[in-house]
Amino acid sequence: MSIVNLIVHEVQKAEGESKALLIARPDENPIDVEAEQLAAKVTNLFNRSGMNTGQFSNPEGSAEGSKLPALLHQHFNGEGFDDFAAFTKACAAEYVRFLEPVTDAEGGLLWFNHYELGGAHFLFIVLLKRKAGITLGEDLSFAQVNQLETDKLHMAMRVNLSAYHDRDDTRYIAFRFGKAPKWESEYFTQFIGCDEPKVAAKETRKLVEAASAFCQSQSMPAKTANEFKKAVAEQCLEKAEEREPLELSDIARQIESRFSPEQASQFIEIAESDAFQVEKEIFVEKAALKKLTRASGSNRSLTLSFDTELLGDSIEFNADTGELKIKELPRSLLKQLMSLEG
């Protein structure tokens with residue numbers, strides 16, 4: 001990640017008040033070691049989980065809704081910003097417009113970071129908070145100090161500026177709320193101007209369900225179905241590790257190379273059908289992939305979970321009787337069972 005522009009503005013607003021004060025920095029912050037370290041921390045926190053994705057409901061802005069898209073349309077030319085400080089100050093003022101009616105909300109620091117990655121331009125807008133800390137002076141006496149809270153994110157958004165500028169038909173906005181209450185996430189979504197945001201976990205589950213439905217439609221034997229689901233899971237995990245969006249075409253190519261072009265086409269048809277409506281591009285939530293790689297279930301007296309790749313190998317399932325036969329038990333479990341027999 002190569003930082004191009006960076007600036008921080010402050011919004012002062014106490015909880016319970018309906019008026020906010022914008023303290024705008026006149027020029028950009030220097031891109032020094034501290035700035036790069038903070039950028040790395042923010043990026044890491046942002047990419048953890050709980051992502052939402054979407055597009056601007058009006059890419060060029062509107063009088064009624066958020067003016068953020070219009071500000072981007074005005075100031076970003078595809079390669080850079082004409083005046084990053086002026087752009088961010090106008091964005092901060094727009095943020096205040098949506099913040100003030102929410103009396104329970106507090107202010108904070110608005111971090112604007114324009115950077116390049118892989119030949120594409122991105123913009124981070126992140127709400128940071130201060131927290132009280134303790135430091136030691138030169139005489140080793142304790143003193144309180146305010147410092148940035150970098151162990152969690154409150155609210156943040158990232159725009160793929162290149163995709164937005166080129167009007168790509170992708171969900172070029174990604175945003176997350178941390179543990180923000182609903183009323184807080186609502187005003188932030190309004191500030192973004194995003195229509196019908198998609199939750200990464202929900203989108204990933206739809207993809208998982210489409211994969212299972214495809215296996216059933218093909219009447220695949222358990223082993224073949226497991227291989228198919230594993231191929232889909234591997235492609236998903238690869239993109240998740242790279243922290244990049246997954247395209248359905250990526251999965252189609254994987255299926256085509258490991259199975260057949262016909263099956264790749266049929267899977268896409270099912271995934272895009274009215275039953276699943278999987279987006280052409282999604283952000284993968286790792287936790288939602290478990291059903292592709294594990295089978296699990298429980299009742300009051302039994303909990304069972306295993307990798308589905310074991311089916312047909314050390315685990316055999318009889319569909320006619322509903323019985324499961326397990327060989328090669330974990331050593332710890334085997335030891336417990338042997339002690340009970342003794």
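Values reported hereafter were calculated over all heavy atoms of this structure, with side chains retained and with hydrogens, waters and symmetry mates removed. Only a predicted model underlies this, so the values are computations on that prediction, with no experimental measurement involved.
- Ser314 contributes no side-chain N or O that, together with a main-chain N or O of Glu328, makes up a donor-acceptor pair within less than 3.5 Å.
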Test log, rule side-chain contact (heavy atoms from CB on, under 4.5 Å), inputs Val126 and Leu110:
CA-CA 6 Å; Val126 181; Leu110 285 175; over 6 Å; no

Applying side chain to side chain donor-acceptor pair (under 3.5 Å) to Glu262 and Ser265, what does each step give before you reach the verdict?
CA-CA 5 Å; Glu262 292 77 18; Ser265 177; over 6 Å; no

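- In this structure, Gln263 CD and Thr224 OG1 are separated by 9.0 Å, a value rounded to the nearest 0.5 Å.
- Across all non-hydrogen atoms, the minimal contact from Ala252 to Ala264 is O-CB, 3.3 Å.
- For Phe228 and Phe259, the gap between ring centers is short of 6.0 Å.
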Evaluate Met220 against Phe214 for side-chain contact (heavy atoms from CB on, under 4.5 Å), listing each step before the verdict.
CA-CA 9 Å; Met220 287 183 176; Phe214 173 76; 3.5 Å; yes

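- In this structure, Ser66 contributes its side chain and Phe191 its backbone to a donor-acceptor pair below 3.5 Å.
- Residues Ile23 and Gln12 are in side-chain contact: their nearest non-hydrogen atoms beyond the backbone lie under 4.5 Å apart.
- Not counting sequence neighbours, the partners of Gln74 by the side chain to side chain contact (heavy atoms under 4.5 Å, CB included) test are Leu71.
- Closest approach of Leu68 and Cys91 over heavy atoms only: CD1-SG, 3.5 Å.
- Between Ile268 and Ile251 there is no side-chain heavy-atom pair separated by less than 4.5 Å.
- Classification of Arg258 and Glu227 as a salt-bridged pair fails, no side-chain N sitting under 4.0 Å from a carboxylate O.
- Looking at Tyr164, its side chain does come within 3.5 Å of a backbone N or O of Pro69 through a donor-acceptor pair.
- Taking 4.5 Å as the limit, every side-chain heavy atom of Ile125 sits out of range of all side-chain heavy atoms of Val159.
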Verify side-chain contact (heavy atoms from CB on, under 4.5 Å) between Tyr115 and Leu117, making sure each step is shown before the conclusion.
CA-CA 7 Å; Tyr115 65 93; Leu117 181 65; 4.0 Å; yes

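- Summarising the geometry of Val102 relative to Phe98, their closest heavy-atom pair is CG2-O, 3.8 Å, with the distance given to 0.1 Å.
- Ring geometry, Phe76 versus Phe81: the interplanar angle falls from 30° to 60°, so the pair is classed tilted.
- Note on Lys206 versus Glu203: salt bridge recorded, some NZ/NE/NH1/NH2 to OD/OE distance being below 4.0 Å.
- Smallest separation of non-hydrogen atoms from Leu22 and His9: CD1-CB, 4.2 Å.
- Leu302 and Leu334 are not part of a single hydrophobic cluster, where members link through side-chain heavy atoms under 4.5 Å apart.
- Between Ile173 and Met157, some side-chain heavy-atom pair lies under the 4.5 Å cut-off.
- Atom CD of Gln277 has more than 12 neighbouring heavy atoms from other residues, nucleotides or ligands inside a 6.0 Å radius.
- A distance of 8.0 Å separates OG1 in Thr43 from CZ in Arg158, rounded to the nearest 0.5 Å.
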List the steps, then state whether side-chain contact (heavy atoms from CB on, under 4.5 Å) holds for Asn113 with Leu123.
CA-CA 6 Å; Asn113 177 14; Leu123 174 70; 6.0 Å; no

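- Between Arg25 and Glu10, every side-chain heavy-atom pair lies at or beyond the 4.5 Å cut-off.
- In this structure, Phe175 has its ring center no closer than 6.0 Å to that of Phe188.
- The side-chain heavy atoms of Arg176 and Met155, taken from C-beta on, include no pair separated by under 4.5 Å.
- Distance alone, capped at 3.5 Å, is enough to place a donor-acceptor pair between the Lys13 side chain and the Glu17 backbone.
- Rounding to the nearest 0.5 Å places CG of Asn160 at 10.0 Å from NE2 of His121.
- Cluster annotation: Leu329 is connected to Met338 through the hydrophobic network of ILVMFWY side chains, with a link wherever side-chain heavy atoms come within less than 4.5 Å.
- Under the salt bridge (Lys or Arg N to Asp or Glu O under 4.0 Å) criterion, Glu36 pairs with no residue, sequence neighbours left out.
- Checked by atom type and distance alone, the side chain of Thr88 pairs as donor or acceptor with a backbone atom of Phe84 at under 3.5 Å.
- Counting only distance, with no hydrogens or angles, the side chain of Glu100 and the backbone of Ala20 share a donor-acceptor pair below 3.5 Å.
- His165 contributes a side-chain N or O that, together with a main-chain N or O of Asn77, makes up a donor-acceptor pair within less than 3.5 Å.
- Using modelled atom types, one side-chain atom of Asp250 and one backbone atom of Glu247 make a donor-acceptor pair closer than 3.5 Å.
- Electrostatic pairing of Arg97 and Glu94 counts as a salt bridge here, judged by a charged N lying under 4.0 Å from a carboxylate O.
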Verdict with reasoning, Glu28 to Asn5, per side chain to side chain donor-acceptor pair (under 3.5 Å):
CA-CA 7 Å; Glu28 297 179 31; Asn5 307 101; 3.2 Å; yes

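- Here salt bridge (charged side-chain N to carboxylate O under 4.0 Å, His left out) pairs that include residues 81-90, with residues two or more places apart or in two chains, number zero.
- Annotation: side chain of Tyr187 is in contact with side chain of Tyr95 (closest heavy-atom distance under 4.5 Å).
- Looking at heavy atoms from C-beta onward, Gln254 lies out of side-chain contact with Val232 at the 4.5 angstrom threshold.
- The two residues Ile31 and Val4 have their closest heavy-atom pair at CD1-O, 3.5 Å.
- Across all non-hydrogen atoms, the minimal contact from Phe56 to Ile192 is CE2-O, 3.1 Å.
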